[in-house]
Amino acid sequence: MLVTQTPGGVMMKGGDDSEPSKIRPGTSRRVLAFVQPHRGTVLALILVTLVDSLVIVATPLVLKEIVDSGILKDDAGVVVGLALLVAGLALVGSVTQLAQSALSGRIGQGVSYDLRVQAFRHVQRLPLAFFTRTQTGALSSRLNTDVVMAQQALTTLLLSATGTLTVVLVLAEMFYLSWLVSLIALVLLPVFFLPWMYIGRRLQAHSRKQMELHANLSGTIHERFNVQGAMLAKLFGRPVEELAKYQGEAEKVREVGVRLTIFSRLAFILMALLTALTTALVYGVGGGLVLDEVIGLGTLVALATLLGRLFGPITQLSSMQANALTVMVSFDRIFELLDIKPLIEERPDAVALPAPSSGSAPEIRFEQVSFAYPRPEEVSLASLETHPASGDERGRAVPEVLHGLDFTVAPGTLTALVGPSGAGKTTLTHLVSRLYDVTSGAVRIDGKDVRDLTFDSLRSTVGVVAQDAYLFHDTIRANLAYARPEATEEELIEACVRARIWDLIGSLPDGLDTVVGDRGFRLSGGEKQRLAVARLLLKAPAIVVLDEATAHLDSASEAAVQRALKTALSNRTSLVIAHRLSTVREADQILVIDDGKVRERGTHEELLAAGGLYTHLYNTQFRKSETQPPPPGNGHREHVPPQGPPAPKIRTRGGGMPGGGMAGGMPGGGMGGPGMGGGGLRGPRVRGDGSS
Ligand SMILES: Nc1ncnc2c1ncn2[C@@H]1O[C@H](COP(=O)(O)OP(=O)(O)OP(=O)(O)O)[C@@H](O)[C@H]1O
């Protein structure tokens, strides 16, 4: 282990094939803070080691007495009595050794548990921007490999530190018995010490390398063999090249594994050889001293026994420095993660948003909102990015994506966002749920800046349905209950009925207990979105942010999704990134976003009449999204009522009836199916519907 002092800390290089790591100042203090809660166990470990060391030094003394006072004096009683004592000491020694392992394990595992939990809690608090830059494999390696390394090195370090006590006591006893034989016994130690140090370093470097390689392998498997990765690889991948790359990595694992085995065995052989050679030397020289009657036979036996207990702890001492540095490096890599400041935090004086009174919905207000995505160095670690932002990028100013947005979404109304790709629509919606915070200006809900609200109240007020709904690899029930764990079976079913997905779930052999597959891939796009709507309905937020699916669903599925969404949006304030004509026609307000600004605003008719960017978008995008009448439902798809002529646009106030029957959640009712107007998202609005 090469250690260099640098102005900013200590550099450690663990061998040719391991990267040098810089330990930042203050790391040892932080490591000690983690050990501090376990100081009682550390004390117990020291006490147990003391008992063990006493047993180790007592046994040779008893053996000496067996020889000198028993065997040489022909006293069978002494021989038997002392032999029983040796057996008793051996038993005590076994118990203390077991206790030593248990205690050092408890400390090491306890510290790694604290570290793991603290790191997980911290990563949970990091903003979305962190996850957009970080490679999951690198993060999981930091949370697993480094924690394991820290734990293993800390456990070994504790054992070797307490082992010092044994070395001191054994050496003291050896010199007390015969300083001459003891000196001779230690003569070979320096010869073996250097190879030992070398082997220790290689062992450590190789085991670190092996952990990194395993992390790489599991990263590759995770990326290539999740359902989306597998699909991409099947469609575009080059299996031969990919296999060759994997083989290359697996080969490195094999090579490092072989070297690890050889070096571990070498360490063992070296130690056995040293003990054997020293024993030979001690008997050779000590035997002569016995013949010359300088020392007694019992003393020689005691010395030879002590030798066997000396080299183990000495070997551990030789790797103490390396272990201490591994502890520091591993901890420091986790501290680095813990030191990323969560950009988006709940203020200490945050207030809960009062729940809207029944039948009312909150207002959303964007007040001169400008936004730039955070700079890489504010949100992530270069070492966790697959292709770390270059030094240039990390220092550079980031361009503003949204500029001075100023608009209001009135309570209970639907605002549709339209605009060219990359205009900033998704970014804008992220500011409502605080996935990002504004750079200047404010987003307010019922007059309150979202940054002043508690996370809990914001989460329960704002519900989001993304374009590609994410589902955990779990049962439908677990995925739904994620929104509201306390939901009853009846509530789950009701949400599914209202989201137009119960027909499907009810027809599955396992019903709600069906596993949806990785990321919900066993469901169609439309089914997944309806499941996401059911999840939203269970959560029952007062504000809905929705990104309409652009993917082409078949028309029956499309109709079902539209009607599910209609239920989801009724009586709620909604901000919808619109991709369908039916949605923009139904919207109370359309905001045309272009280059991060609101270019035009108004209703569908007003904007068409103005003949600006909206008219262009209408001609190029929305007209195309008009859906054809759906075919009759089948098997998995729910029944869709026959399509009538496009229904006139119906506006209702105060929960009026026409066409808005969907809000009640009854399948099949509604505004005459999907398509222009009739398939719109609007259910009955309670208030604030100000259009003609
Ligand atoms: N995480 C991010 N970090 C940095 N820039 C981003 C990030 N996400 C989006 N951008 C940039 O912000 C701008 C607005 O993107 P946004 O996704 O909001 O557009 P959009 O209008 O929703 O587009 P689309 O309709 O194609 O989804 C784009 O220039 C995009 O490249």
Side-chain angles (χ1 to χ4, degrees), residues 123 126-136 139 340 342-344 364 366 369-382 384-390 392-405 407 409 415-441 443 462 464-470 525 529 532 544-552 574-581 583-584 587 589-601 607 613-614 616-622 624-625:
V123 174
L126 291 178
L128 187 67
F130 168 81
F131 300 94
T132 63
R133 302 201 66 96
T134 299
Q135 194 208 10
T136 322
L139 179 63
I340 305 175
L343 265 191
I344 296 175
I364 308 173
F366 272 60
V369 167
S370 295
F371 175 77
Y373 277 98
R375 288 195 307 275
E377 62 271 27
E378 288 178 289
V379 290
S380 74
L381 288 178
L384 290 178
E385 297 176 19
T386 334
H387 302 292
S390 66
D392 280 2
E393 193 195 329
R394 286 188 93 76
R396 202 185 296 157
V398 284
E400 216 178 62
V401 174
L402 302 175
H403 323 277
L405 295 182
F407 64 87
V409 182
T415 289
L417 301 170
V418 299
S421 179
K425 307 179 292 292
T426 309
T427 308
L428 180 164
T429 59
H430 284 166
L431 301 178
V432 182
S433 49
R434 280 198 83 193
L435 288 175
Y436 290 92
D437 271 348
V438 297
T439 309
S440 65
V443 176
V462 183
V464 179
V465 180
Q467 222 183 70
D468 186 17
Y470 187 88
Q529 230 194 15
V544 173
V545 173
L546 165 69
D547 195 347
E548 278 190 323
T550 43
H552 269 293
S574 10
L575 200 54
V576 179
I577 300 175
H579 296 289
R580 312 205 174 279
L581 180 63
T583 310
V584 286
Q589 165 181 242
I590 299 166
L591 299 177
V592 183
I593 310 291
D594 182 28
D595 195 18
K597 296 189 184 105
V598 178
R599 290 277 178 221
E600 297 169 12
R601 71 181 83 197
L607 291 174
L613 178 58
Y614 181 78
H616 173 72
L617 289 168
Y618 171 75
N619 287 327
T620 54
Q621 284 182 18
F622 291 106
K624 285 195 293 187
S625 78

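None of the values given here were measured: they were computed from a predicted structure. Whatever order the structure lists ligands and atoms in, that order sets their numbers, starting from 1.
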(message) Among V598, V576, L591, which residue satisfies the side-chain contact (heavy atoms from CB on, under 4.5 Å) criterion with L417?
(response) L591
(request) Quick one: look at T426 and ligand 1, take heavy-atom pairs under 4.0 Å, and tell me if it's side chain, backbone, both or neither. (result) both
(message) At less than 4.0 angstrom from any non-hydrogen atom of V401, what atoms of ligand 1 do you find?
(response) 12 (O), 13 (C), 14 (C)
(message) Quick check on Y436 - does any of its heavy atoms sit under 4.0 Å from an atom of ligand 1?
(response) yes
(request) Report yes or no: does a heavy atom of G424 sit under 4.0 Å from some atom of ligand 1? (result) yes
(request) First locate atom CD1 of I593, then atom CD of E600, and finally report the distance between them rounded to the nearest 0.5 Å. (result) 10.5 Å
(request) Considering heavy atoms of the protein only, find what lies nearest to atom 14 (C) of ligand 1 and give residue, atom and distance to 0.1 Å. (result) G422 O, 3.5 Å
(request) For atom 26 (O) of ligand 1, find the nearest protein heavy atom and state the residue, atom name and distance (0.1 Å precision). (result) S421 OG, 2.6 Å
(message) Starting from atom 16 (P) of ligand 1, what is the nearest protein heavy atom, named by residue and atom, and what distance separates them?
(response) T427 OG1, 3.5 Å
(message) Is any side-chain heavy atom of V432 closer than 4.5 Å to one of F366?
(response) yes
(message) Restricting to non-hydrogen atoms, name the atom on T415 and the atom on Q589 that form the minimum distance, rounded to 0.1 Å.
(response) OG1-NE2, 2.9 Å
(request) Verify, without hydrogens or angle tests, whether T429 (side chain) and T426 (backbone) share a donor-acceptor contact under 3.5 angstrom. (result) yes
(request) Among all protein heavy atoms, pick the one closest to atom 25 (O) of ligand 1 and tell me residue, atom and distance. (result) K425 NZ, 2.9 Å
(message) Can you confirm whether some protein heavy atom lies under 4.0 Å from atom 31 (O) of ligand 1, or whether none does?
(response) no
(request) Please round to the nearest 0.5 Å and tell me the distance separating atom OG1 of T439 and atom OH of Y373. (result) 10.5 Å
(request) If you have a sec, work out which protein heavy atom is nearest atom 5 (N) of ligand 1 and how many Å separate them, to one decimal? (result) Y373 CD1, 3.2 Å
(message) Using side-chain heavy atoms (C-beta onward) and a distance below 4.5 Å, is L428 in contact with L575?
(response) yes
